[in-house]
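Remarks on the structure that follows.
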Amino acid sequence: MNIIVCLKQVPDTESQIKIGPDGKSIVTDDIKWVMNPYDEFGVEEALRLKEKHGGEVTVVGLGPKRVTESIRTALAMGADKGILVSDEALDGSDSLANAKAIAAAVKDLDYDLIFTGQRGVDDDLGLVGATIAELLGIPQFSIIVKVEVAEDGKSVKVERPIEGEALIIESNLPALITAQKGLNEPRYASLPGIMKAKKKPLEEKTLADLGLDSAEFGEGARKLKILELTPPPERAAGKIVEGETPQEKAAELAKLLHDEAKVL
Amino acid sequence: MYFNEEHNALRDMVRKFVDKEINPKVDEWEEDTVPLHELFKKMGDLGLLGITYDQKYGGQGLDYWFDLVFLEELGHIKADGVPMAIGVHTHMATPAIHEYGSEYLKETYLKPSIAGDIVSAIGVTEPEAGSDVAGLKTKAVKDGDSYIINGSKLFITNGCQADFVTLLARTDDKPGFHSFGLFVVPTNLPGFVISKKLDKLGMRSSDTAELFFDDLRVPAENLIGEPGEGFIIQMKQFQHERFYALPGTYIKARDTINMTIDYIRQRMVFGKPLIKNQVLRHRLVDWITEIECLKHLTHHIVRMKIEGLDATREISMGKLIAGQLSFKVSNGCLQMFGGMGYMNESLISRYFRDSRLLSIGGGADEIMKEVIARFEGI
């Protein structure tokens, strides 16, 4: 079975995020870019399915040239080929436009399953997966922690956690699955894998290559506009509850929760 | 400037491996020793235990820049005993087998070492012969198709867990450098005795043993290289051992400084953060400057190694600076942590204890100075 994994490059979760002078974007100078962790679950699941059922895994990334590094990481993990959709006109695009470009890049490929992360850890919107499925006209299953493909490779059974219960859904293929933490433990890119990755095919495509009109992309075409970014409030200093005995401490804590935190 | 996309990918992978598979466990390993078979298997699967070794034996056949990147990232491990245990396996006990070993030795010992299936140790030091290697007493006497080994080895890293020891023993009573053999000694042979796990000041996550050989009979085919040349081969193997120590040292020293800066930024003394004291900032940048120098000496050594030049002089200089610098930085940073730094619960106290070994092990500072003096003709 052939599987496509869509991949986004995001700031490393340990990066110090600073808001830029325009108040609407972040300073990207010192940022270390990594593969979106949720997409990594998608890559791992695709590789496991390939190991079981055969076929090919294609990784599709979108963004500037640096995204190649993350595609190569997926190739080093064991994916077979990569596609980078890269075009200056894409700068500043919103989720809808990005999904349009990715859908155009994959629509003519031969695929049974598409994986995306359930959301990017940068903007936290979780829109791209669903939008790609809609544009391709295939079923979509979001926030999935378990994937089982039938022996004949024609259908899939997935599990989505809901309020402590599990929702089990079955579907024909092709379908799109958005990966959630818990789906698997992604493997490391081995050193032999890293050395092999540079010999694997990696195609670069512009919007024109995909037959798309660049006017529908970029800052100007955004349906979702960012008005302002603000940092989260600084965490206030903690407080140690005083008291000689547990009873005294509990009484003091109750008083503080009532009078100061006003949660009781 | 020095690193390409593959080097960077290796760096990312090793960093991730250290962050996920090693650092969360080091506190536990400081108490009860790093489990080497488990760790080495994971590393072998990722191709990390034979980066520069021949692909025929499962190595990666890559250049010393890859090796450098690997060693630099191991510097981020939060207990030096762990990278030391790894370094013994990759840079101290196996290089001689790779360079001088027979096909049989490579197939039987190097290949599973690279795969991470077996663990190795290097047996040179003895109760009465440390840096003065030529004074060693362990004897290997030829008897038909085998050698019979008698003697003991002290301070042997990985000694309790090793499947084989690369052992230097005297094969002849003649004085001089051509009376030694370097042997691959499997630890499951009769006559191999681990006397005890030794209790150390630092490097507590690594196991260190005293080993005894009591009429241990090892097949003659387990001799590495030509008979009588063991000492010469070991002197060459020492160059890998000493090189191993350099990248991790400048990375660890910088991590130590970064950790200290974070602490003295928030530590208030006389109403202002400690870092506001110019004397401390100057001390920090002195060390940072020296760290930069060691880094570039190390990069220069990598270039020499790639060119096939003899880097003994430069490696000895690097090892000398590394030992002095790591202790100076950890000691000075501990001072900035004050009483908190003296507590075992703070990482800096572990770094301080660990750092003391580097001026002793792998050839003491004094030996490095002798080597350099010889090169300088003084």
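Each chain gets a letter, A, B and so on, in the order the sequences are listed, and its residues count up from 1.
Counting all heavy atoms, side chain and backbone alike, A:P192 lies closest to B:L46 at CD-O, 3.7 Å.
More than 12 heavy atoms of other residues, nucleotides or ligands sit less than 6.0 Å from atom NZ of A:K200. Applying the 6.0 Å contact sphere to CD of B:E103 captures more than 12 heavy atoms from other residues, nucleotides or ligands. Residue A:E88 places its CD atom among 12 or fewer non-hydrogen atoms of other residues, nucleotides or ligands, all under 6.0 Å distant. Crowding of B:Y342 atom OH: a count of heavy atoms from other residues, nucleotides or ligands under 6.0 Å not exceeding 12. Other residues, nucleotides and ligands contribute only 12 or fewer heavy atoms inside 6.0 Å of the CZ atom of B:R303. Heavy atoms from other residues, nucleotides or ligands lying under 6.0 Å from CG of A:D124 number more than 12. By the neighbour-count criterion of 12 heavy atoms within 6.0 Å, atom NZ of B:K41 is densely surrounded, having more than that number from other residues, nucleotides or ligands. Counting heavy atoms of neighbouring residues, nucleotides and ligands inside a 6.0 Å radius, atom NZ of B:K78 does not exceed 12 of them.
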Would A:K198 and B:E5 satisfy salt bridge (Lys or Arg N to Asp or Glu O under 4.0 Å), going step by step from the backbone distance to the final call? CA-CA 9 Å; A:K198 68 174 170 186; B:E5 203 182 315; over 6 Å; no

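Interatomic distance, A:E69 CD to B:N8 CG, rounded to the nearest 0.5 Å: 7.0 Å. Put simply, CE on B:M43 and OG on A:S190 are 13.0 Å apart, with the number rounded to the nearest 0.5 Å. The distance from atom OH of A:Y188 to atom CD of B:E21, rounded to the nearest 0.5 Å, is 3.0 Å. Once rounded to the nearest 0.5 Å, the distance linking CG of B:L10 with CG of A:L191 reads 5.5 Å.
Of the listed residues B:K42, B:Q55, B:K20, the one with more heavy-atom pairs under 4.5 angstrom with chain A than any other is B:K20.
Classification of A:K196 and B:E6 as a salt-bridged pair fails, no side-chain N sitting under 4.0 Å from a carboxylate O.
Neither the backbone nor the side chain of B:F70 has a heavy atom closer than 4.5 Å to any heavy atom of chain A. For chain B, the nearby part of A:E185 is the side chain; its heavy atoms alone come within less than 4.5 Å. Contact of A:R187 with chain B is not made at all, since no heavy-atom distance falls under 4.5 Å.
With a 4.5 Å cut-off on side-chain heavy atoms, B:D12 and A:T73 do not count as touching.
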